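What follows is one structure encoded as C-alpha cells, with my remarks underneath.
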Amino acid sequence: MIRLEKRPTPSRAWSLGTPVLAVLLTMIAGGAMFAALGQDPFETIRIIFWDPLFHERFAAFSRPQLLVKAGPLILIAIGLSFGFRAGIWNIGAEGQYIVGALSGAAFGLAFYPSESVLLFPGMILAGILGGLLWAMIPAVLKVFANTNEILVSLLLVYVAEAMLASAATGWLRNPDGQGFPGSRNLARHPGTDNPVPLDPGGKIVGFLERIGLVSDGRILGGFFTDAHVGIYAAFIAVIAAYVLFQKHMFGYQIKLAGQAPRAARFSGVNPGRMVLLCLGISGALAGAAGLFEVSGPAGQITIDFNAGYGFTAIIVAFLGRLHPIGILFAGLLMALTYIGGELAQLMLQVPAPAIQAFQGMLLFFLLALDVLSNYRIRIGRAAAA
Amino acid sequence: MIVDPVTLIVALITISTPVLLAALGELVVEKSGVLNLGVEGMMIMGAVCGFVTANEVHGYATLHEIVWLDRLAPTLAFLAGMAGAAVLSLIFAFLTQFLMSNQVATGLALTLFGLGLAALIGVGYEGQPIPEVAKPLPAALREIPVVGPILFSHDFVTYLAIFAVFAIWYVLRHTRIGLVLRAVGESHDAAHALGYKVVRIRVVAILFGGAMAGLGGAFLSVVYVENWVQGMTAGAGWIALALVVFAAWKPGRVLFGAWLFGGIAALQLRLQAAEVGVPVALLDASPYLVTIIVLVVMSSNRARAALNAPAALGKTFHASG
C-alpha cells in the first residue's frame, strides 16, 4: 500500500530535482510520441536538444537564435512569477505582449520618417505602458468588482488579437505596401530598429577585432551575435527580480500573500495593492517583450505576429520554480525546444504542433512530480500514531 | 432590415450549443469542488477526434459502399469526441486527485497540451470531407413558418444539450447522487468523514466534464463549421468557464448565458456580412467583451457571487489517516 504523507515544508532537494527529472521524463514520453509519428526517437531528441547547440553545420545558425527566443520568454515569465507567487493568475500575457507591440510600434510609426535617437527609448516606454494598461483591466476589475482575473486576462487575449488584425490590415498598414497587410518594417528603419550591440558588423565587435580579442566576428561562442536590447533587458529583469525577492520587503510580501493570505492581511499587506502591482509588473514586462520583438526579430506588425510566447512563458515560469535564476534556465531550455523543433521540422518533417504538445507534456510532468516535494511517499501500512 | 430575426435565433441556438455543453460539464465539475481550467483543451480535443473519426469512417464507408455506416459516422464522431476529451481529462484527474497538484496550473497545462496535441492529430485533415449530419425531426415540421425553423430545425446534439440543462438541474437538486456531489464540493472533509469517496466522485465528475466538453467540440467541428481548423475553438472553452461563474453555478442560467453569448456571436457575424459602419475588430471582439462585462456585473456584488460558489472549489483534498 502506497501512502502519501504531507511534508511540513516542501523539500528543497526535490524542488530543485523535479524540474530536471521532469525534463528527462518528457524526453522519454516525447520520444515515444515521436516514435508513434514514425520517427527515430533518439535521433529526434538529439536533433531537438543537442544539434542546435553543437551540430557542426547548424549550430552556427542556431546558437544566436537561442537567446533571441529565450529573451521574450524570460522577460514575460519573470513578470508572471510575481503574480503566480502571490496566487494572482495573469494568464493573458499573450494579450499584453500584443498590445505592448502595437503601442510601441504605433509610437515609432507616428514619427515616421524620423530617425531620432530618442525614438527607440520612446517606443520602449510606449510598449511598457501598453502592456501595463492592458493588464490593468483585469487588475482593476479584480480589485473593484471582484471579477476573476484568470478569465478576464485570458479573454482579453482574443480582444488583443482582434486589435492586432485591425492594425495589420488597417490603421498601422504600410501605406507604401501595395495594399498587403502588415506595417512598415521597424527593424529596417534607423531609429525604430532594435539595436544588436554585438552584431558582427557593429562597432563593439569591430573594436574587439582590431585589438585582437575576436577573430571571426563571433564572441562567446556566437550566442550573442543576434542578441538585441530586449535580451539584455531580460537579463536585467532576472537580476532585479532576484534582488527584489531576496532583499526587498515587497518580495517578502508577495511570498507571504501566496503562502498565507490571512497572515499577510493581518501584517498589513493590502491585497488590492498586491493585485495591481503584480498584474502591472507582468503586463509591463510582457508589453516590453512585445515591443522588442516587433522592432527586432519580427520587424513589423503582421496579423500573426504573436507566436504564443505569452502562453509558453507560463510553462517557463513553472519550470523555473518561479525563481528568477530558475526562470533563466527554463527560458533557455524552452527556447532550445523551439529551435530544435524547427530543426526537426526541417530535417525530419516532424509536424510543427508536435513541439507544442511536447512543451505541454513538460508542464504535466513537472506538476505531477511536485508531489515529491510536497509529500513523502510511504510504502506499507500506516504506523499507529 | 439587415438581420432576419428567425434565422438569427436559429443561428444563436446552434452557435451556443458547444459552449452550453462545455459549460454544463464544467458546472458539474465545479459543483464537486474541482476547478478545471482545461475546458478549452478538452473542447479542441473533442473537435479534432470528432472530425477525424467522421472523415475516416466516411472515407471507409464510401470506399466499401456501406450506406448504414456512413449514416452512423456522425454518431461515432460525437462518441469519439467525448472519448478523446474524457481521456485527456483523465490526466487532469490523475494529477489533481492522486498527485494533489495545483488545479489552476494543471488546468492550464491541460489547455496548452490539448491545443498542441489536437493540432498534431489534425495535421492533414483540414478541408477533408465529412458526411452531412441528418436532422432528427421530419422536414414537414421544419417548414412551419417561424416556429418550424426555431424549434424543429436543430440537430440531435442541440436538443440533447437543452435536455441536459434540465437533467443536470434535476440530478443536482433532487437526487441523492446530486446531494452527495454537492456535499463533496462544499466540504470534502465532512463528506469524507461521512464515508463518501471524495476522490472517486471527483474523478467521475471530471470525466463527465471532459466528455461534455468533447461533445461540444465535436459538434463545433462536425456540425457547425463542418471542417477542422487548428485552434478552431477560439476561446469557447474560456467562455464556457466564464458562463459557469456568470450563471452562479445554476444550470438554467447557464442556458440563458449561452444564448446571450450565441446571440452576440450570431449577430456580429451578420453585422460583418452586412458591412455596417462598426469596425470589424470591435465586432470580432464583441463576444469576449460582452462576456467580460457580464462577468463584472455578476461578480461585483460580493455577497451574491459567493452565495452559490462551492465552498471547496479549487482546494486540494488529501485524506490524512
Side-chain angles (χ1 to χ4, degrees), chain A residues 4-6 33 37 84 87 89 91 137-138 141-142 144-148 150-152 154-167 169-171 308 311-312 314-315 318 351-372 374-375 382 385, chain B residues 35 37 40-41 91-92 94-96 98-102 104-124 230 234-235 238-239 241-242 245 279-289 291-292 295-302 305-306 316 318 320-321:
Chain A
L4 296 171
E5 191 180 286
K6 192 150 178 69
M33 180 179 79
L37 289 169
F84 287 2
W89 301 93
I91 57 169
I137 301 173
L141 292 179
K142 167 98 180 168
F144 296 102
N146 195 28
T147 313
N148 184 317
I150 303 179
L151 294 173
V152 175
L154 192 282
L155 287 171
L156 283 173
V157 174
Y158 295 96
V159 179
E161 281 179 351
M163 279 166 55
L164 176 69
S166 82
T169 55
W171 50 279
F311 292 119
T312 313
I314 297 173
I315 306 181
F318 280 115
I355 294 305
Q356 205 188 340
F358 191 76
Q359 291 172 342
M361 225 184 257
L362 178 58
L363 187 51
F364 270 138
F365 278 115
L366 195 70
L367 293 167
L369 290 173
D370 259 354
V371 74
L372 295 173
N374 293 327
Y375 294 85
Chain B
L35 179 65
L37 292 181
E40 179 85 3
I91 305 177
F92 177 86
F94 179 70
L95 259 64
T96 57
F98 294 100
L99 301 181
M100 274 87 71
S101 68
N102 179 312
V104 172
T106 314
L108 281 175
L110 196 67
T111 289
L112 294 173
F113 178 68
L115 287 168
L117 186 63
L120 184 61
I121 294 172
V123 169
Q230 196 179 326
W238 295 102
I239 289 185
L241 276 160
V245 180
V280 176
L282 191 63
L283 290 174
D284 275 338
S286 59
Y288 308 104
L289 287 173
T291 307
I292 293 173
L295 261 184
V296 171
V297 173
M298 290 307 294
S299 332
S300 54
N301 186 335
R302 263 162 217 267
T316 302
H318 179 229
S320 45

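Keep in mind the model is a prediction, meaning the values are calculated, not measured. Naming: A, B, ... by sequence-line order, numbering from 1 per chain.
Considering all non-hydrogen atoms of both residues, A/Pro353 and B/Ala119 come closest at CB-CB, 3.4 Å. B/His318 approaches A/Lys6 most closely through the heavy-atom pair CE1-N, 4.1 Å. Nearest heavy-atom pair, A/Leu141 versus B/Ile292, reported as atom, atom and distance to 0.1 Å: CD1-CG2, 4.0 Å. Contact record, A/Leu367 with B/Ala109: CD1-CB, 4.0 Å, taken as the closest heavy-atom pair.
Ranking B/Pro279, B/Ala118, B/Ala234 against chain A, the residue ahead of the rest is B/Ala234, based on heavy-atom pairs under 4.5 Å. Of all the listed residues (A/Met361, A/Met163, A/Glu5), the one sharing the greatest number of non-hydrogen pairs under 4.5 Å with chain B is A/Met361. Taking B/Phe113, B/Phe94, B/Phe92 one by one and counting their heavy-atom pairs under 4.5 Å with chain A, the maximum is reached by B/Phe113. The residue among B/Ala242, B/Ala105, B/Gly116 with the most heavy atom pairs within less than 4.5 Å of chain A is B/Gly116.
Residue contact with chain B, scored on non-hydrogen atoms closer than 4.5 Å, involves the side chain of A/Ile91 exclusively. The contact between A/Leu37 and chain B is made entirely by side chain atoms (from C-beta outward), counting heavy-atom distances below 4.5 Å. Only the side chain of A/Ile315 comes within less than 4.5 Å of a heavy atom in chain B; its backbone stays farther off. Looking at A/Phe311, both its backbone and its side chain come within 4.5 Å of chain B, counting heavy atoms on both sides. At a 4.5 Å heavy-atom cutoff, the contact between A/Tyr375 and chain B is made by side-chain atoms alone. Using a 4.5 Å cut-off between heavy atoms, B/Val104 touches chain A through its side chain atoms alone. At a 4.5 Å heavy-atom cutoff, the contact between B/Leu110 and chain A is made by backbone and side-chain atoms alike. If you measure heavy-atom distances from A/Ala354 to chain B, the contacts under 4.5 Å come from both the backbone and the side chain.
Note that the CG atom of B/Leu37 and the CG atom of A/Leu154 stand 8.5 Å from one another [nearest 0.5 Å]. For the atom pair OG1 of A/Thr312 and CG of B/Leu112, the computed distance is 7.5 Å after rounding to the nearest 0.5 Å. The structure places CD1 of A/Ile150 at 6.5 Å from CG of B/Leu35, a figure rounded to the nearest 0.5 Å.
Considering B/Leu295, B/Ile239, B/Thr291 as possible partners of A/Leu151, the one that fulfils the side chain to side chain contact (heavy atoms under 4.5 Å, CB included) test is B/Leu295.
Residues A/Ile314 and B/Leu108 have side chains in contact (heavy-atom distance under 4.5 Å, counting atoms from C-beta outward).
Between B/Tyr288 and A/Tyr158, the ring planes lie parallel to each other; the angle is under 30°, not in the 30° to 60° tilted range.
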Verdict with reasoning, A/Phe364 to B/Leu95, per side-chain contact (heavy atoms from CB on, under 4.5 Å)
CA-CA 8 Å; A/Phe364 270 138; B/Leu95 259 64; 3.7 Å; yes

